[in-house]
Amino acid sequence: MRIERDVKLDFDDVLIRPKRSTLPSRNNVTLERTFKFPHGAKSWTGIPIIASNMDGVGTLSMMRSLAQGGVMTALHKHYDIPCYKRISREYAFVTIGIRTEDEERLRAITRLKKPRFLCIDVANGYTEKAVAFVKQMRETYPTTVIMAGNVVTGEMTEELILSGADIVKIGIGPGSVCTTRNVTGVGYPQLSAIIECADAAHGLGGLVCADGGCKVPGDIAKAFGAGADFVMLGGMLAGHDESEMDFIEKDGNKYALFYGSSSTRAMEKHAGGKASYRASEGKEVLLPYRGPVHNTLEEILGGLRSACTYVGARKLKELSKRTTFILVNRQINTVFDHP
């Protein structure tokens, strides 16, 4: 046993310090980025936000809506194979796990339409099995852009990139409906995880995607400021028309049932129930109906542009270079938050 005594930080622990800016308007900020990938072929240009591969978020309807704004979607794992005929070539990740049946599923999808982007999603990216699977997928699909995770430390970020991942997904336990930290005691504050993993990835020419923990647009700005190349959103994009989920009427209001990918409900829905050897690591909540996702996306992108103007970043690419975090013990005035 050992203890690391340096403090690890989360989004709530910091604010971004403003800097002198010559930008006349938020409208002058460019959010699009162009990335070249260390393994996958070609480059990609768009706004580097990704809808999470969760039920109620990573849907074909979400993909169609977000693609209009140049934003990506990681599709959830549970569509029937013929549905993949409808995926974009430019704005969708096909998501798989690391089981043999996932590999077979990908082969079937590829026979219909070869995906340009692949998300290899596993809760624990530290296993030898996960690393070996990434290597195998790189050998099998040499030109596909591969995103793999999740991890939270520099050495495993490097391991996955050297094994063939182009983008490493960062985050263990920060999600709004994730209970991994409560159930297992394992995790890492998300801001520090992004900083450390981005540094490791960029040294090898790789990229990172911050996955989880963003509650408000300001958290997304902090994630990019910390060095994230992409930011993945779950709860912030759930509960919209594009969620492809049944809405519930309660006390005259409309709600969506949102649950973690490792929750009991998800396992009952997609795996026939929870295996006796494992615990549920997700919860379920009722989210108020939010209407079309376009309105929420406008708020997110508007907040991100505003953050850039506060530090003088004309392009999103410049935000991390212009960011200085200050430690705080209070973020906002909460006097009117409770009646």
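Predicted model only: the values in this text are computed from it and were never measured.
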>> Heavy-atom count check: over 12 atoms from other residues, nucleotides or ligands less than 6.0 Å from F325 CZ?
In response: yes
>> Within the structure provided, determine whether K222 and T323 are in side-chain contact (heavy-atom separation under 4.5 Å).
In response: no
> Can you say whether the rings of H76 and Y79 are parallel (under 30°), tilted (30 to 60°) or perpendicular (over 60°)?
Replying inline: parallel
> Using the ring of each side chain (for Trp, its six-membered ring), is F117 parallel, tilted or perpendicular to F93, with breaks at 30° and 60°?
Replying inline: tilted
>> My understanding is that only residues two or more places apart in sequence, or in another chain, count here; which of them pass salt bridge (Lys or Arg N to Asp or Glu O under 4.0 Å) with E90?
In response: R116
>> Side chains of S306 and R26: any donor to acceptor distance under 3.5 Å?
In response: yes
Between side-chain atoms of residues 312-319 and protein atoms elsewhere (two or more places apart, or another chain), which donor-acceptor pairs fall under 3.5 Å?
{"residue": "R314", "atom": "NH2", "partner": "T22", "partner atom": "OG1", "Å": "3.4"}
{"residue": "E318", "atom": "OE1", "partner": "R314", "partner atom": "N", "Å": "2.9"}

>> R17: which residues meet the salt bridge (Lys or Arg N to Asp or Glu O under 4.0 Å) condition with it, sequence neighbours left out?
In response: none
>> Tell me every residue that passes side-chain hydrogen bond (donor to acceptor under 3.5 Å, both in side chains) with Q136, counting only those two or more places apart in sequence or in another chain.
In response: E103
>> Determine whether H240 and N295 satisfy the following criterion, side chain to side chain donor-acceptor pair (under 3.5 Å), listing intermediate values before the conclusion.
In response: CA-CA 10 Å; H240 293 90; N295 297 332; over 6 Å; no
> What pairs with F247 under ring pair (Phe, Tyr, Trp, His ring centres under 6.0 Å), at least two apart in sequence or on another chain?
Replying inline: Y289
> Taking the six-membered ring for Trp, are W44 and F230 parallel (under 30°), tilted (30 to 60°) or perpendicular (over 60°)?
Replying inline: tilted
Atom pairs and distances, side-chain donor-acceptor, residues 204-211, under 3.5 Å, sequence neighbours left out:
{"residue": "D211", "atom": "OD2", "partner": "N150", "partner atom": "ND2", "Å": "3.0"}
{"residue": "D211", "atom": "OD2", "partner": "K169", "partner atom": "NZ", "Å": "3.1"}

